[in-house]
Amino acid sequence: MRPRFITLEGGEGVGKTTNLGFIEDYLRARGIDLVRTREPGGTPLGERVRGLLLGDGEIDAQAELLLVFAARAQHLRDVIRPALAVGRWVLCDRFTDASYAYQGGGRGVPLAVIAQLEAWVQAGLQPDLTLLLDVPVELGLARARRRGSMDRFEAETDAFFQRVRAAYRERAAQQPRRIRRVDASGTLAEVQARIAVHLDELLGHDE
Ligand code: Z5A
């Protein structure tokens, strides 16, 4: 079976981390060998960049965008492309759709600039499937804030997260084959049943 590149996206508190474990188990139970990774992060350099991005202090929007793409370039070279090349699936917590949502929608960076970096760094590589976990901003923030200490993004305003959500939903509407919006409100069991439908569809393509 051709290896697949799956990404998980969404705003704050949508349950990405919680559901990544479910997706990993679901795929492994069906005999799929996969690499689970995340952005920003996934490599020693990427994890250091992540520390900078989530830490305290102001970061210019252009600098923020370049940092996420710097980490992504290393991640693609060291983790994502090598895994796919040897037939392993890749399951990644956030990828370039997050740059469009957070730096584009949230910070107002022109989408054309992000598209240029995407073309340069990814050279045509795109996820096969992106699951966009979607909940109203108020619900996601309430879940995220219950967890306690907040990082630099989580301290942003509600208006910022409304723009992030709108940008994600717009991308899903523009690329409906790749980006599947999953209603992530409701119980975990309900959300996971919705996710499984998309995984089954992807798995079914090779059967
Ligand atoms: N970023 C960027 O700006 N540009 C980029 O290009 C990239 C990233 C790649 C770090 O991401 C930041 O990087 C991110 C954008 C920026 N912004 N922030 N912050 P991250 O993915 O590491 O951070 P995060 O969004 O905060 O993810 P998270 O901490 O892993 O949260 P989550 O995955 O959305 O949620 P969770 O931890 O799985 O769940 C939250 C809580 O809700 C938890 O207590 C769960 O038990 C609970 N939960 C989950 N599902 C349910 C349901 N269905 N019902 C009830 N409760 C639930």
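It should be emphasised that the depicted structure is a prediction, and the values quoted were computed from it without experimental measurement. In listed order, ligands and their atoms are each counted from 1.
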Contact summary for Trp89 and Arg2, nearest pair of heavy atoms: NE1-O, 3.8 Å
To which of [options] does the heavy atom nearest [atom] belong?
atom                    : options                      : result
atom 11 (O) of ligand 1 : His75, Arg50, Arg94          : Arg94
atom 12 (C) of ligand 1 : Val135, Leu54, Leu65         : Leu54
atom 56 (N) of ligand 1 : Lys16, Arg143, Glu64         : Arg143
atom 53 (N) of ligand 1 : Gly10, Ala189, Ala98, Gly186 : Gly186

Tell me whether Gly15 has any N or O atom under 3.5 angstrom from an N or O of ligand 1. yes
Would Ser99 count as being in polar contact with ligand 1, using the rule that some N or O on each side must be under 3.5 angstrom apart?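 Yes.
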Looking at ligand 1, does Asp151 have a heavy atom less than 4.0 Å from it?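 Right, Asp151 reaches ligand 1.
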Under 3.5 Å, side chain of Gln192 to main-chain N/O of Ala189, donor-acceptor pair present? no
Have a look at ligand 1 and work out which part of Arg72, if any, has a heavy atom under 4.0 Å from it: side chain, backbone, both or neither.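 Looking at Arg72 and ligand 1, just side chain atoms fall under 4.0 Å.
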Would you call Asp97 and Arg178 a salt bridge, taking side-chain N to carboxylate O under 4.0 Å as the test?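 Result for this pair is yes, salt bridge flagged.
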Carboxylate-amine/guanidinium proximity below 4.0 Å for Glu64 and Arg107: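 Arg107 and Glu64: salt-bridged.
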Does any part of the side chain of Arg94, heavy atoms only, come nearer than 4.5 Å to the side chain of Arg38, both counted from C-beta?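 Not touching, per the 4.5 Å side-chain cut-off.
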Determine the interplanar angle of the Phe160 and Tyr102 rings, folded into 0 to 90°, and report it as parallel if under 30°, tilted if 30 to 60°, perpendicular if over 60°. tilted
